[in-house]
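Computed from a predicted structure; not experimentally measured. Below, all heavy atoms of this structure are taken into account, side chains as well, without hydrogens, waters or symmetry copies.
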Amino acid sequence: MKFFLPGTFVLAALLVMNTTGYATENKTSLDVFPRIGLGLNRLNYTRPDNSKLDASYATLNIGLTARYHMVYIDVGGELFGVDFLEESDEITGIERQDYTGTLGVTPYKGSSVFVGYTVGEMKDDFTGEFHDDRGYFFGAGYSHNFSNTAVGLTVAYADLDGKVTVDGDPAANTKGQTSGYSYGLSVSGPFRAAMGYSINLKVREYDYEDAAKLVTDKKITSLNFNLIF
């Protein structure tokens with residue numbers, strides 16, 4: 001049971017602060033770093049009846065990281081994820097979006113521990129299913145600088161409330177739990193004056209188990225390119 005959490009975005013912003021010197025010039029100041037980027041995503045769902053949903057889509061990624069001393073806050077969204085599919089000779093589609101808020105600390109150089117709240121929503125137009133997973137998570141990250149480039153890793157655990165709503169068939173609606181671990185890898189550094197970049201590989205794997213103990217396996221693999229201002 002696995003679920004990817006937003007540590008790579010947070011860690012990448014902190015890495016850019018460190019490699020550019022933005023945050024080290026005045027450690028008593030409030031440093032704020034907005035970001036914008038593009039995500040390339042691959043979604044794979046395996047339903048309880050072993051049928052599969054596979055989709056590829058791009059997202060607009062926006063967010064902001066703020067840090068004061070060792071404490072940071074991050075908010076972010078992955079928006080407008082849409083793919084058109086052909087199932088049973090019908091053209092249909094999926095829609096996906098994710099929102100996350102994170103509170104963390106950097107107790108030692110290159111390290112980070114964090115907690116937060118995440119919301120993930122996916123609509124399958126072919127089946128009329130709407131998947132909603134939301135709840136709290138905690139995790140940790142570590143980074144290492146190589147000259148002006150930094151590499152970071154994150155791992156986290158979440159236990160979320162999940163539900164599936166089916167259009168036109170209320171009896172098929174379910175509620176359950178989505179829980180598990182997540183992993184992320186980021187590479188970041190300065191891009192030009194007062195700007196940094198980050199490249200993030202994310203793997204979001206999770207199991208949704210409803211009240212009847214039926215399990216839907218979900219996996220989203222993402223490659224994200226971001227500019228941090």
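Side-chain contact check for Tyr142 versus Val155: every heavy-atom pair is 4.5 Å or farther apart. Asn226 places a side-chain heavy atom less than 4.5 Å from the side chain of Asn200. Between Phe114 and Phe137 the shortest side-chain heavy-atom distance falls below 4.5 Å.
Using modelled atom types and a 3.5 Å distance limit, the side chains of Arg96 and Thr59 yield no donor-acceptor pair.
Taking Ile, Leu, Val, Met, Phe, Trp and Tyr as hydrophobic and joining them when side-chain heavy atoms fall under 4.5 Å apart, one finds Phe130 isolated, its cluster having no other members.
Asp54 places no side-chain N or O within donor-acceptor distance of the main-chain N or O of Lys52, the cut-off being under 3.5 Å. A donor-acceptor pair is defined here as one N or O able to donate and one able to accept, closer than 3.5 Å; no such pair exists between the side chain of Asn148 and the backbone of Gly189. In this structure a side-chain-to-backbone donor-acceptor pair under 3.5 Å is present from Gln177 to Leu160. Using modelled atom types, no side-chain atom of Asn61 and backbone atom of Glu78 make a donor-acceptor pair closer than 3.5 Å. A distance-only check finds a donor-acceptor pair linking the side chain of Asp83 to the backbone of Ser56 [under 3.5 Å].
Residue Val82 is not grouped with residue Leu79 when hydrophobic side chains (ILVMFWY) are merged at heavy-atom distances under 4.5 angstrom, including chains of intermediate members.
The distance between the ring centers of Phe146 and His144 falls below 6.0 angstrom.
Salt-bridge formation is detected for the pair Arg47/Asp124: a Lys NZ or Arg NE/NH1/NH2 atom is positioned less than 4.0 Å from an Asp or Glu carboxylate oxygen.
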